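Encoded as structure tokens, the structure appears first; notes follow it.
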Amino acid sequence: MTRIVAGSAKGRTLAVPKSGTRPTSERVREALFSRLDHMNVLDGATVLDLYAGTGALGLEAMSRGGAHATLVEKASAAARVASANVRSTGLPARVVTADARTYLGARNGEALAGDIDLVFIDPPYDIAEEDMTTVLASLGPWIVPDALVVVERSTRAPAPTWPDFLVLEDQRTWGETVAYFAGPPLPKDETADGAQSLEDAQASSSEEEEDR
């Protein structure tokens, strides 16, 4: 059973397709959103949830104070389930049935001139790496200058290849899931502090693994 973990829709059950999706486990989702709460990025955020599946990530963000979410899912059966979850929770979100690359490719323009504050990318584990790279590179016209991009992968998958408008800020590992947190480069005078923060975060992530 998949549920909203916290916020205005806490405890609401989310429908899950019989097959074809890999919903983020409730334990990982709780840890992920605890981190996002700590980063103070959810309140009032405009969210883009790619490879949305049931819509659990985007809807969790809305339950915790997000302003609006767009859930993009290619599989029609999963998109119908995500739409049902939007209706049942009453959270501010819409579902778009489309391939992530096609959806992102519909917008051109200057990088960091968009309106998206927070992006979730939770693709199938067997996604081709060139497709993953294309999706990340296509985010430029969609996101704002202080956006956060969260990529969820298997620990067995290679690290993402980041476009020049995104830099890795943090990464956390929970079991077999690793989450990468990336955003636009910091101003030069903040770069040194950011690099130290990443080193501290990676050390913390290693300690978490040792404690498990």
Side-chain angles (χ1 to χ4, degrees), residues 2 4-5 14-26 28-29 31-33 35-36 41-42 45-63 66 68-86 89 91 93-107 114 116-143 147-163 166 171-172 174-183:
T2 300
I4 299 291
V5 175
L14 300 177
V16 178
K18 293 181 179 179
S19 62
T21 62
R22 180 186 50 77
T24 300
S25 74
E26 194 168 308
V28 170
R29 192 153 30 93
L32 170 62
F33 277 90
R35 179 62 182 152
L36 294 177
V41 297
L42 295 172
T46 299
V47 176
L48 179 60
D49 185 0
L50 301 173
Y51 307 96
T54 64
L57 292 176
L59 293 175
E60 185 76 40
M62 294 305 97
S63 180
H68 187 269
T70 299
L71 316 177
V72 180
E73 171 55 50
K74 179 174 70 172
S76 57
R80 286 193 296 270
V81 170
S83 295
N85 288 332
V86 171
T89 58
L91 293 168
R94 71 182 181 115
V95 177
V96 177
T97 306
D99 175 76
R101 293 168 303 173
T102 302
Y103 180 81
L104 294 175
R107 181 179 292 189
I116 301 297
D117 302 298
L118 176 61
V119 181
F120 292 112
I121 304 177
D122 183 16
Y125 279 169
D126 61 354
I127 185 175
E129 290 308 308
E130 57 266 32
D131 289 345
M132 184 80 246
T133 300
T134 297
V135 165
L136 289 169
S138 301
L139 288 174
W142 292 84
I143 60 176
L148 181 68
V149 177
V150 181
V151 178
E152 188 177 314
R153 304 296 308 271
S154 164
T155 53
R156 295 183 294 276
T161 300
W162 304 105
L166 290 175
Q171 70 182 68
R172 297 296 170 100
W174 301 291
E176 295 186 359
T177 299
V178 57
Y180 300 92
F181 301 80

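Start at 1 with the first residue, then count along the sequence. A quick note: this is a predicted structure, and the numbers were derived from the prediction, not measured.
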By side chain to side chain contact (heavy atoms under 4.5 Å, CB included), which residues pair with R94, not counting sequence neighbours?
-> H68, T70, V96, Y103

Residues in side chain to side chain contact (heavy atoms under 4.5 Å, CB included) with T134, at least two apart?
-> R101, S138

Given W162 and V151, is the side-chain contact (heavy atoms from CB on, under 4.5 Å) satisfied, shown in steps?
-> CA-CA 11 Å; W162 304 105; V151 178; 3.8 Å; yes

V41: partners by side chain to side chain contact (heavy atoms under 4.5 Å, CB included), with sequence neighbours left out | L36, M39, L148

May I ask you to test the L104-L48 pair for a side-chain heavy-atom distance under 4.5 Å?
-> yes

Between L59 and A93, the two heavy atoms sitting closest are CD2-CB, 4.0 Å

Expected output: side-chain N85 to main-chain A15 donor-acceptor under 3.5 Å | yes

Can any side-chain N or O of E73 pair as donor or acceptor with the backbone N or O of G55 at less than 3.5 Å?
-> no

Residues at least two apart in sequence or cross-chain that pass ring pair (Phe, Tyr, Trp, His ring centres under 6.0 Å) with Y180, listed by chain then number, are none

What is the minimum heavy-atom distance between M62 and A69, and which atoms define it?
-> SD-N, 3.5 Å

After noting the C-alpha distance and the side-chain angles of L32 and T24, does the key distance pass the side-chain contact (heavy atoms from CB on, under 4.5 Å) rule?
-> CA-CA 10 Å; L32 170 62; T24 300; 5.6 Å; no

Sequence neighbours excluded, the answer for ring pair (Phe, Tyr, Trp, His ring centres under 6.0 Å) partners of F33 is F120

Are I127 and Y51 side-chain neighbours, meaning at least one heavy-atom pair lies under 4.5 Å?
-> yes

Within-4.5 Å side-chain heavy-atom neighbours: L50 and L139 = yes

Within 6.0 Å of CD in E129, more than 12 heavy atoms from elsewhere = yes

Who pairs with T2 by side-chain hydrogen bond (donor to acceptor under 3.5 Å, both in side chains), at least two apart in sequence or on another chain?
-> none

Just wondering, do M132 and I121 contact through their side chains at under 4.5 Å, heavy atoms?
-> yes

Identify the two heavy atoms, one from A82 and one from G53, that lie closest to each other, and give their separation to 0.1 Å.
-> CB-O, 3.4 Å

Return the set of residues passing salt bridge (Lys or Arg N to Asp or Glu O under 4.0 Å) with R80 (not counting sequence neighbours), or none when no residue passes.
-> none

Could you tell me whether the side chain of L136 reaches within less than 4.5 Å of the side chain of P160, counting heavy atoms only?
-> yes

Would you call R29-E152 a salt bridge at under 4.0 Å N-O?
-> no

Who passes side chain to side chain contact (heavy atoms under 4.5 Å, CB included) against S83, sequence neighbours left out?
-> R87, V95

